[in-house]
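In what follows, a structure is listed as structure tokens, so that the remarks can point back to it.
Numbers here are sequence positions counted from 1. The figures that follow rest on heavy atoms only: side chains count, while hydrogens, waters and symmetry mates do not.
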Amino acid sequence: MRIDTFVVEQQRIYQELDDWDVLAKHVYYKRDGQILAYARMYLAGVHFTFSRFVTRSDFRGTGLGDQLIKLILHYAQSHYSDYPIKIESSRQVLKFYQQHGFKIQGAPYITDGIPFVDMLYQPE
């Protein structure tokens with residue numbers, strides 16, 4: 001699903017699997033043997049983060065992404081409360097993360113041809 005979304009659908013050519021995959025905890029929602037929403041989460045030095053956040057295209061807009069991000073934030077607050085929660089977000093999903101308490105930090109930058117911005121979780 002990650003390759004289908006981040007490489008094929010977004011027409012990006014890059015090494016989708018990386019060293020974080022081995023170190024990360026992988027969280028997902030699964031139904032009938034199919035993963036419908038997924039993310040990996042891990043401690044990255046001085047902050048907690050998650051990445052490769054994705055919902056299968058035919059399940060976008062169903063609330064699974066909202067449920068998954070709430071699960072991740074609860075896990076982070078329960079296990080890594082001493083660390084800030086920082087993520088990298090592509091422009092197309094900024095509003096989704098902002099709805100969940102993330103604020104833009106710094107200027108946009110380009111990674112693998114896609115504009116990104118750093119975001120910090122700041123619950124209201």
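When all heavy atoms of Ile72 and Ala39 are compared, the pair lying nearest together is CD1-CB, 3.7 Å. Residue Ala76 comes nearest to Ile85 through the heavy atom pair CB-CD1, 3.6 Å, listed as atom of the first residue, atom of the second, then distance. Nearest heavy atom pair, residue Pro84 against residue Leu120, reads CB-CD1, 3.8 Å. Across every non-hydrogen atom of Lys70 and His100, the tightest pair is CE-CE1, 4.3 Å. Here the closest non-hydrogen pair linking Ala24 and His26 is O-CD2, 3.4 Å. Nearest heavy atoms, Ile110 versus Pro115: CD1-CA, 3.7 Å.
In the displayed structure, Tyr29 atom OH is contacted under 6.0 Å by more than 12 heavy atoms of other residues, nucleotides or ligands.
Taking the six-membered ring wherever Trp is involved, the centroid distance between the rings of Phe53 and Phe96 falls below 6.0 Å.
Looking at heavy atoms from C-beta onward, Glu88 lies out of side-chain contact with Thr49 at the 4.5 angstrom threshold. Under the 4.5 Å side-chain criterion, counting only non-hydrogen atoms from C-beta, Gln34 is in contact with Arg56.
Taken to the nearest 0.5 Å, the OH atom of Tyr28 stands 11.5 Å off from the CG atom of Leu36. With values rounded to the nearest 0.5 angstrom, Tyr97 atom OH is found 13.0 Å from Ile104 atom CD1. To the nearest 0.5 angstrom, Met119 atom CE is 12.5 Å from Lys86 atom NZ. To the nearest 0.5 Å, atoms CG (Leu64) and CD1 (Ile69) are separated by 13.0 Å. Distance CG/Leu43 to NE2/His79: 12.5 Å, rounded to 0.5 Å.
Ring orientation note: the planes of Tyr83 and Tyr80 are nearly perpendicular, at an angle over 60° on the 30°/60° scale. In this pair, Phe102 and Tyr121 present their aromatic rings tilted. The plane angle is within the 30 to 60° band.
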